[in-house]
Amino acid sequence: MSELPKNYDPNVVEMKWYQRWLERDAFHADAHSPKPAFSIVIPPPNITGVLTLGHVLNNTIQDILARRARMQGHEVLWLPGMDHAGVATQTAVEKFLLRTEKKRRQEFGREEFLRRVVEWQDKHGGIIIEQLKRLGCSCDWSRQRYTFDPAYVRAVGQVFVDLHDKGLIYRGRRMINWDPSAQTALSDEEVIPTPTKSTLYYVRYELESQPGEFLEVATTRPETIMADVALAVHPDDPRYQKLVGQKVWRPLARETIPVIADTAIDPKFGTGVLKVTPAHDQVDFEIGQRHQLPVIDVLTATAKIDCPAEAELHGLERFAARAKAAEILQERNLLTKTEPHESNVGFSERAGVPIEPRLSEQWFLRYPKTEEALRVVREHLIRFFPAHWEKVYARWLENIRDWCISRQVWWGHRIPAWYHDGETRAQLDSPGAGWTQDADTLDTWFSSWLWAYETMNTETRAKFYPTSVLVTGPDIIFFWVARMIIAGLEFRPGQDASAEANIPFRDVFFTGIIRDQKGRKMSKSLGNSPDPLELMAKYGADGLRFGLMRIAPSGQDIRFEEKQIEEGRNFATKLWNAARFRQAHGPSRAELPAEESLSIYAIELLSRLNETIVAVESAYCEYQFNAVAQRLYDFVWGDYCDWFVEAAKTEIFGANESAKAAALAVMDYVLSAVLRLLHPLMPHLTEELWAVFGFGDGFLDFTKPAIAHEFADKERTNAARVRAREIYTAVDAGRNLRAEARVPSNQKAKFALRSSQPWIAAERETLARLLHAESFEFSAELQPKGEASMIATALGELFLLTEVRDPAAERERLEKEIAKLEKDLAATTAKLASESFIGRAPATVVAEFRQRAQNFATRLEQMRSARDRLG
RNA sequence: GCGCGCUUAGCUCAGUGGUAGAGCGCUUGCUUCACACGCAAGAAGUCACAGGUUCGAACCCUGUAGCGCGCACCA
C-alpha cells in the first residue's frame with residue numbers, strides 16, 4: 001500500500017484512472033452479455049460545440065446513472081456521438097471563412113463550401129468529445145456515432161422516402177418562418193417570440209368614392225404597404241360596416257384595393273382596420289385565402305424591398321425601408337400619428353434576427369402517431385421526471401402543426417427528392433439522367449429524431465433498445481424528446497410491434513437550466529459562462545461533478561456560483577484526509593467485526609450508514625441527485641468524520657488492542673461503503689482510494705454496491721444508539737458551556753457529570769476527549785466545589801469547573817435558559833391539556849408530547865436549582 | 001389570455017402534517033497527534049400575503065401579489 005500524499009492532486013489521479021479505464025475497455029458494452037441491459041444515448045452535442053456547464057450537468061448525471069447501473073450488475077451501453085447541427089455549423093464555418101479568407105459561402109459555391117466545412121470539422125470539430133473524457137464520462141467510445149455517418153445519412157433519407165410514400169410528407173407553397181440572415185426556412189419551434197419595442201404608424205387610405213375621406217389603419221410595418229391587397233374590418237363593427245365593399249387607394253405603389261369584412265379583426269386594436277398583406281403575415285395570408293385575394297411579395301430572400309413602383313424604397317433593407325416609408329407617408333400627408341408600441345416579434349433562434357413570415361415552397365411533415373405519443377406518456381410507459389413536463393408535452397402534441405422540414409442551407413442531409421419535366425420522385429438515388437435533386441437539406445432535428453435507434457445496429461438494438469433513460473434539458477422537449485417518441489412509435493425499431501418495445505426510452509429526466517448569479521441563462525455572447533475545463537483544472541473533475549450535483553435540485557433552474565464547486569473540491573479533500581488518517585493506523589480489512597465488539601459509536605455510525613444507503617437509494621429512484629449528494633456529504637463529513645472518528649480516537653490511541661482493531665475495522669467497513677456510494681459521483685477519487693486501500697480487485701464500476709447491514713440484536717442496537725446520541729448531545733451542551741465561559745479552544749477544561757447512570761463510566765474517556773477536557777469527574781452525588789456553570793443533559797447535570805467565573809454572566813445565561821424552558825413547557829402542557837388534541841391526535845404523537853413535557857420539567861428543575869445555588 | 005413553476009436565514013438552496021435546516025458569508029475562539037480546502041461555538045427566519053381544512057400547517061385546499069418559463073395572440 002503506497003502512502004497517500006498530504007495533498008490530493010485531482011489532475012494527476014483523474015487522468016491516470018481515465019487512461020486505465022480506457023486501456024481495460026471498461027466502458028465497452030457487450031450486446032451478447034447475459035446481464036440485464038441498461039442504456040443511454042447521449043444527447044449529441046454539436047460538432048462545433050465546446051463543453052459548457054450545461055453539458056457538464058447533463059453528462060455527469062448520465063455518467064452517474066451509467067456507473068451505478070454497472071455496479072448493480074447491468075450491461076451498460078452509454079452511446080456517445082455528435083450532431084452535424086446544420087444551421088449552427090454552417091454559420092460557424094461561414095464566419096470562420098469570412099474572417100480567414102474574406103469570402104462568403106456563395107463565392108465558394110456549394111461543393112467547395114461543403115468541402116471546406118468537412119475540412120474545418122476534421123480540424124476543429126469534436127473538441128467536446130475530449131472534454132467529456134476529461135469529465136470522466138464512461139461512454140462506449142468504440143460506438144461513437146455522427147449524424148453524418150454514411151449509414152445514418154442513408155437512414156435519414158429512407159425515412160423521408162417512407163413518410164413521403166405514406167403521404168405524410170408533402171411539398172407545398174405556404175407561409176413559413178424565414179430567417180433572412182441564414183436565408184432559410186425554420187420550424188415554428190426555432191422561432192423565439194421576444195417582446196420588442198416598435199412604433200405603431202397610423203396611415204390614411206383614401207376612399208376611392210369619396211376623395212378627401214380616409215380610412216385609418218394602425219400598422220407596425222409601413223414598409224409592406226406596397227404588398228397590401230385589401231383593408232379588413234370586423235363585420236360587426238358599426239363604424240365601418242357601410243364601407244365594406246368599397247375601394248380605397250393604397251398609399252404606396254398607389255392602386256385601389258377593396259375593403260373587406262373578416263372576423264379575424266379585433267375592433268379594439270388600433271383603429272379596428274387591418275391592412276391585409278398576405279405575403280408577409282400569417283394571419284393576413286389566411287384572410288387572403290378566405291377572400292381569394294392576390295398575393296404581392298415585396299421582400300427578397302435577404303429581406304430587402306423588391307418594389308420598383310416605389311423607387312425610393314426599392315432595394316432598401318427592411319428596417320431602413322420602414323423609416324423611409326414613414327418619411328414618404330409623412331411627406332404625402334398620409335401619416336396621422338405614431339405611437340410607441342411593444343409586441344412580440346419572432347427572432348431566429350440561431351441567427352438572432354427577426355424572422356420574416358414568408359410564402360414559400362417547402363417540404364412539410366404531417367406528424368404521425370400523435371395519439372399514441374400522447375398515450376405512452378399519459379399512461380406512463382414513458383415516465384417524465386419531474387412529472388409536470390407531461391402537461392407541457394401534452395399541450396404541444398394536442399395543438400401540433402405540420403413541421404416544415406426543408407432548409408435552404410447546404411450543410412445537412414440532402415432532401416432525397418428528384419425533379420424532371422414537372423415530375424417529382426422521392427427516392428435515395430437518382431432515377432436517372434435528366435433528373436435533378438432538390439437543392440434543399442433537412443432540418444437537423446429530422447435526423448436527430450432517429451438518434452435513439454439509428455445509432456445502434458441490429459445486435460445492440462436487440463439488447464439495448466428501448467433505452468433506459470434519456471437525460472436532457474427541458475428546452476428541447478419539443479425539438480427532440482417529443483419527436484423521438486413519435487419516431488419510435490412510427491418506425492418500430494423494437495423487437496415486436498408493441499408500444500413498450502418501440503418507445504425510445506422508458507424514463508426521461510429533465511435537468512434544470514444553469515443560470516448565472518443574476519438569473520440569466522449562460523451564453524457565449526454575455527460571456528457569463530465559466531469554462532468547465534478551467535473549473536476542472538482548479539477543483540478537479542470530481543469536485544466539479546460533486547459540487548454541481550449538490551446544488552442541482554431536480555426540475556429547478558440552477559443558480560451557479562463557483563463557491564459551490566469549491567465546496568465539491570473541499571469535500572473531496574475531506575474524504576482524502578479521512579482516508580489518510582485511517583491509513584496511518586495500519587493495513588485495512590473491510591470486514592465487520594462481531595457485533596458484540598462494536599462500540600455504541602460504531603453501532604450509531606453503522607445505523608446512520610444504513611439510513612443513508614436507504615435514503616440514497618430512494619433519491620436515485622426519483623432522480624433527486626442533489627439529495628443523493630447531500631446525504632452522502634452529511635454522512636461522510638458529519639457522522640463519520642466529526643463524530644465517529646473523533647470518538648473512536650479513544651480506542652485508536654488506546655491500549656486495548658482488540659478494541660482498537662474493532663474501531664479500525666469499522667472505519668474500513670464504512671470507508672469501503674462510502675467509496676462505493678460515492679463512486680458514481682466522484683469516480684476518479686474513489687477509484688484511487690479503493691485501489692490504495694486494496695478493498696477489492698478490479699474497478700469500482702464492477703463492484704457490488706454497498707448494502708445496509710442487518711443487526712442481529714435489534715434491541716441492543718437501539719439501546720446503543722440512544723446512548724451514543726445522548727453522549728453526542730451532552731458533548732454539544734458541554735462545548736457550549738466552554739464557549740460561553742470563554743475557554744479558548746486550545747485550553748483544556750475541567751468537566752464533571754452528576755448522573756446515576758453507571759454505563760457512562762465506560763465512556764468517560766471519550767466524553768473527555770470530545771469535550772477537550774483535562775479531567776472528567778463522574779458520580780451520582782457529585783457536588784462541584786466553587787463556581788461552576790451547569791447544563792442539564794439527558795445524561796445528567798454537566799458542570800464546567802473553572803477557576804475564573806463570572807457569576808453575573810452565568811446567572812444571566814441560566815435565566816435565559818430557564819425562560820426558554822418555561823415557554824416550551826407551558827406550550828407543551830397547554831397542548832396536553834387540550835381535549836381536542838388528546839382526543840384526536842394519534843397515541844404515538846401524544847406519548848411523544850408527554851415525554852417532551854417530562855424532559856422540559858426535569859431540566860427546568862435542574863436549571864432552577866443551579867440558579868439558586870449561585871445565590 | 002391559457003398553462004407551468006417559484007417565493008424559507010444576508011446569499012444560494014434543502015425541507016411535503018408533529019418544537020424551522022445545510023453550505024457560504026458574518027461574529028468568537030483555535031495551527032489540538034487526517035484535514036485551515038480545517039476544528040469548535042454563536043448570532044441570524046411573521047417559512048410572500050389572506051382565507052380555509054386539521055387537535056396541529058412552511059407543508060394540504062382556495063384566493064391575492066411578485067418573479068421566472070412555456071404556449072397562443074400580437075395590425
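Quick caveat, the model's predicted, so the values are computed rather than measured. We name chains A, B, ... by the order of the sequence lines, and we start the count at 1 in each one.
When distances are taken from the side chain of A/H388 to each of B/G5, B/G70, B/A34, the shortest belongs to B/G5. Here B/A34 is the nucleotide among B/G56, B/C71, B/A34 with the atom lying nearest to any side-chain atom of A/C641. The side chain of A/R401 sits closest to B/A72 out of B/C30, B/A72, B/C2. Considering only side-chain atoms of A/E646, the nucleotide from B/C30, B/C35, B/C55 that sits closest is B/C35. Nearest to the side chain of A/R735, among B/A41, B/C33, B/G18, sits B/A41. Nearest to the side chain of A/F581, among B/G56, B/C37, B/A34, sits B/A34.
In terms of phosphate contacts, A/W637 brings no side-chain nitrogen or oxygen within less than 4.0 Å of OP1 or OP2 of B/A34. Phosphate contact (OP1/OP2 of B/G38, side-chain N/O of A/N577, threshold under 4.0 Å): absent.
Panel note: side chain A/D188, backbone A/W403; no donor-acceptor pair is recorded below 3.5 Å. A/R569 places no side-chain N or O within donor-acceptor distance of the main-chain N or O of A/G543, the cut-off being under 3.5 Å. Within the 3.5 Å criterion, the main-chain N or O of A/R735 finds no donor-acceptor partner in the side chain of A/H772. In this structure, A/E14 contributes its side chain and A/A541 its backbone to a donor-acceptor pair below 3.5 Å.
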Indicate every side-chain donor-acceptor pair of residues 265-274 of chain A with a distance under 3.5 Å to a residue at least two apart or in another chain.
{"from": "A/D266", "atom 1": "OD1", "to": "A/K268", "atom 2": "N", "distance (Å)": "2.9"}
{"from": "A/T271", "atom 1": "OG1", "to": "A/E216", "atom 2": "O", "distance (Å)": "2.5"}
{"from": "A/T271", "atom 1": "OG1", "to": "A/V273", "atom 2": "N", "distance (Å)": "3.4"}

Per-pair distances, 0.1 Å, donor-acceptor, side chain in residues 831-846 of chain A, under 3.5 Å, sequence neighbours excluded:
{"from": "A/S834", "atom 1": "OG", "to": "A/S836", "atom 2": "OG", "distance (Å)": "3.1"}
{"from": "A/S834", "atom 1": "OG", "to": "A/F837", "atom 2": "N", "distance (Å)": "3.1"}

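Aromatic ring centroids of A/F546 and A/F571 lie under 6.0 Å apart.
In this structure, B/C59 makes no Watson-Crick or G-U wobble pair, since no nucleotide meets both defining distances under 3.5 angstrom. Checking B/C39 for Watson-Crick or G-U wobble geometry (two distances, each under 3.5 Å) identifies B/G29 as its partner.
Contacts with RNA chain B (heavy atom under 4.0 Å) in residues 843-855 of chain A: A/V845, A/E848, A/R852, listed by number. RNA chain B is contacted by A/I265, A/D266, A/F269 of residues 263-271 of chain A, taking any non-hydrogen atom closer than 4.0 Å.
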Please write out the pairs of protein N or O atoms and N or O atoms of nucleotides 21-27 of chain B separated by less than 3.5 Å, giving the distance to one decimal.
{"from": "B/G23", "atom 1": "O2'", "to": "A/E567", "atom 2": "OE1", "distance (Å)": "2.5"}
{"from": "B/G23", "atom 1": "O2'", "to": "A/E567", "atom 2": "OE2", "distance (Å)": "2.3"}

Distances under 3.5 Å between nitrogen or oxygen atoms of protein and nucleotides 42-45 of chain B:
{"from": "B/G42", "atom 1": "OP1", "to": "A/N736", "atom 2": "ND2", "distance (Å)": "3.1"}

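Separating the C1' atom of B/C24 from that of B/U62 is a span of 38 Å, rounded to the nearest Å. Comparing B/C47 with B/C11, their P atoms sit 16 Å apart, to the nearest whole Å. Between the C1' atoms of B/U27 and B/U32, the separation comes to 22 Å (whole Å).
Counting any heavy atom pair closer than 4.0 Å across all strands shown, A/N344 reaches a base atom. Counting any heavy atom pair closer than 4.0 Å across all strands shown, A/P842 reaches a base atom. Across all strands, A/A584 comes closer than 4.0 Å to no nucleic acid atom at all (heavy-atom distances). Heavy atoms of A/L200 sit under 4.0 angstrom from primed sugar atoms or phosphate atoms, though from no base atom. When heavy atoms are screened at a 4.0 angstrom cut-off, A/V276 is found touching no nucleic acid atom at all. Within 4.0 Å (heavy atoms only), A/R569 reaches at least one base atom of the nucleic acid. Residue contacts shown for A/Y201 are absent, as no nucleic acid heavy atom lies under 4.0 Å away. At a threshold of 4.0 angstrom between heavy atoms, the contacts of A/D642 are confined to the sugar-phosphate backbone, with no base atom among them. Nucleic acid contact for A/K831: base, since at least one base atom lies under 4.0 Å from a heavy atom of the residue.
Side chains of A/M667 and A/F581 form a contact here, defined as non-hydrogen atoms less than 4.5 Å apart.
Evaluation of atom-type donor-acceptor distances gives no pair under 3.5 Å for the side chain of A/R580 against the base of B/C35. Between the base of B/C4 and the side chain of A/K391 there is no donor-acceptor pair shorter than 3.5 Å. With hydrogens and angles left out, the side chain of A/T573 and the base of B/C37 share a donor-acceptor pair within 3.5 Å.
Seen from the ring of A/F635, A/R608 does not count as a face-on cation partner, given the 6.0 Å and 45° thresholds.
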